[in-house]
Amino acid sequence: MSWFGERTKRSWLERVGINVVKCGPIPAHIAFIMDGNRRYAKRSNSPAIEGHKMGFNRLARTLDWCLDLGVREVTVFAFAVDNFRRPAGEVDGLMDFAGEICKRLLARRDRLNETGKCVRVLGDLTMLRPDIQRQAADIVLATRGNGGQHSLNICFAYSSRREIAAALGDLQRCVRRGVIDVADIDSRLIAQCLYAPECSAPDILVRTSGEHRLSDFLLWQTSHAVIEYVPVLWPEFTLWHLLAAVLAYQRNCWSTVGARQAIEGVDDVVDCEHREVRQQRVDNCLQYIHNKRVDQLKCMAGGGD
Ligand code: FPP
Ligand code: MG
């Protein structure tokens with residue numbers, strides 16, 4: 001079942017392409033910087049919001065292709081903190097549109113739950129209008145119980161540097177309250193305090209529109225991702241571009257897996273004398289941060305969960 005409606009049909013050639021690529025290893029997680037919507041709109045003298053709507057249609061199709069391929073997790077950059085500096089009309093239009101998308105997902109909550117689909121919204125939600133905060137919190141709370149057979153992570157009011165700073169801020173609070181010691185903080189603990197620690201690290205990061213930049217997106221999480229810069233605007237992104245990105249991953253994935261295992265094996269805390277006691281402090285700290293975030297979401301949500 002598709003994320004947003006009925007699944008679109010594939011041509012026989014598309015089915016062949018998908019099946020050929022499926023003979024190789026399939027990435028568990030793909031992240032997309034959906035860039036180029038305004039340039040696309042400008043070509044037809046349309047307002048920017050029309051470009052974003054075309055971009056959303058492309059996202060819905062891309063999510064279907066990811067389901068066909070067996071990709072379990074997709075993360076999209078839908079609104080950067082920097083985007084608040086755009087003209088007010090465009091920002092308001094994007095906010096209204098995002099609210100509609102949340103409502104649409106919420107109307108499908110039963111089907112999403114039946115098929116194990118979980119929606120997460122990653123970002124500083126306090127920067128959003130209260131109505132958008134409520135809609136975002138509602139869909140997150142409504143689907144968070146799913147095992148995450150398939151996850152859609154929507155980065156909204158998102159900045160990777162803010163995300164890392166927020167994680168450090170939470171850890172600092174835990175130190176001040178005596179929940180952990182400064183020496184307990186290592187890279188693994190910082191990673192567990194990012195917006196959605198339950199998310200896997202993306203295997204591929206795709207950016208469209210020919211720009212070769214990360215733009216403050218998932219800077220921590222993409223340390224070992226294969227990066228694919230695609231020279232078309234996001235609304236022009238096709239299945240063939242996606243398959244090319246997966247093929248690039250398949251050529252690189254063994255070295256990526258090796259590099260990831262190497263960093264995951266590194267224990268930053270050298271003094272292991274009180275390992276168990278430290279683990280207890282770390283667990284308490286993570287529980288404290290988790291509870292704080294769930295309380296914040298429940299506060300934002302309309303009907304709770
Ligand atoms: C970047 O293109 C795109 C955005 C800032 C918005 C992306 C939003 C959508 C595709 C709608 C989907 C929304 C949700 C909530 C899932 P740009 O505006 O930077 O275009 P440009 O590079 O041509 O200026
Ligand atoms: Mg852009």
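Order of appearance sets the numbers: ligands from 1, and atoms from 1 within every ligand.
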_Worked check of side-chain hydrogen bond (donor to acceptor under 3.5 Å, both in side chains) between Q221 and E163_ = CA-CA 11 Å; Q221 298 87 337; E163 177 182 31; 3.2 Å; yes
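- Ligand 1 places these atoms under 4.0 Å from at least one heavy atom of R86: 5 (C), 17 (P), 18 (O), 19 (O).
- The pair R109-D138 fails the salt-bridge criterion, with no side-chain N (NZ, NE, NH1 or NH2) lying under 4.0 Å from an Asp/Glu carboxylate O.
- Ranking the protein heavy atoms by distance from atom 8 (C) of ligand 1 puts A78 O, 3.6 Å first.
- Taking every heavy atom of N83 and a limit of under 4.0 angstrom, the matching atoms of ligand 1 come to 5 (C).
- Here the heavy atom of the protein found nearest to atom 4 (C) of ligand 1 is H52 CE1, 3.7 Å.
- Contact between S209 and ligand 1 is absent, with no heavy atom of the residue lying under 4.0 Å from the ligand.
- Residue-ligand proximity, R39 to ligand 1, at heavy-atom distances under 4.0 Å covers atoms 21 (P), 22 (O), 23 (O).
- By the 30° and 60° cut-offs, the orientation of the rings of F237 relative to W65 is tilted.
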*asked:* Pair R15, R10 - check side-chain contact (heavy atoms from CB on, under 4.5 Å), show working.
replied: CA-CA 6 Å; R15 286 201 300 275; R10 307 282 158 271; 3.7 Å; yes
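- The shortest N or O to N or O distance between D35 and ligand 1 is under 3.5 Å.
- Protein heavy atom in closest approach to atom 24 (O) of ligand 1: R38 NE, 2.8 Å.
- With a 4.0 Å cut-off on non-hydrogen atoms, I101 touches ligand 1 through its side chain and not its backbone.
- Contacts with ligand 1 closer than 4.0 Å are made by side-chain heavy atoms of L59 only, the backbone lying farther away.
- Looking at D283 and Q279, their side chains do bring a donor and an acceptor atom within 3.5 Å of each other.
- Shown here are the salt bridge (Lys or Arg N to Asp or Glu O under 4.0 Å) partners of R39, two or more places apart in sequence or in another chain: D35, E211.
- Among all non-hydrogen protein atoms, the one lying nearest atom 3 (C) of ligand 1 is M34 O, 3.3 Å.
- Listed by chain and number, the residues in a ring-ring contact (aromatic ring centres under 6.0 Å, His included) with F79 are F84, F156 (sequence neighbours excluded).
- Contact atoms of ligand 1 toward F56: 10 (C) (distance under 4.0 Å to a heavy atom of the residue).
- Test I30, L218, V74 against P202 for side-chain contact (heavy atoms from CB on, under 4.5 Å) and you get one pass: L218.
- Any protein N/O/S atom under 2.8 Å from the Mg ion (ligand 2) was counted, giving 1 altogether.
- Checked by atom type and distance alone, the side chain of R111 never pairs as donor or acceptor with a backbone atom of M1 at under 3.5 Å.
- Of the candidates D170, V179, V175, C285 forms a side-chain contact (heavy atoms from CB on, under 4.5 Å) with just one, namely V179.
- The shortest non-hydrogen separation linking Y249 to I26 is CE2-C, 4.1 Å.
- Residues passing the ring-ring contact (aromatic ring centres under 6.0 Å, His included) test with F97, sequence neighbours excluded: F56.
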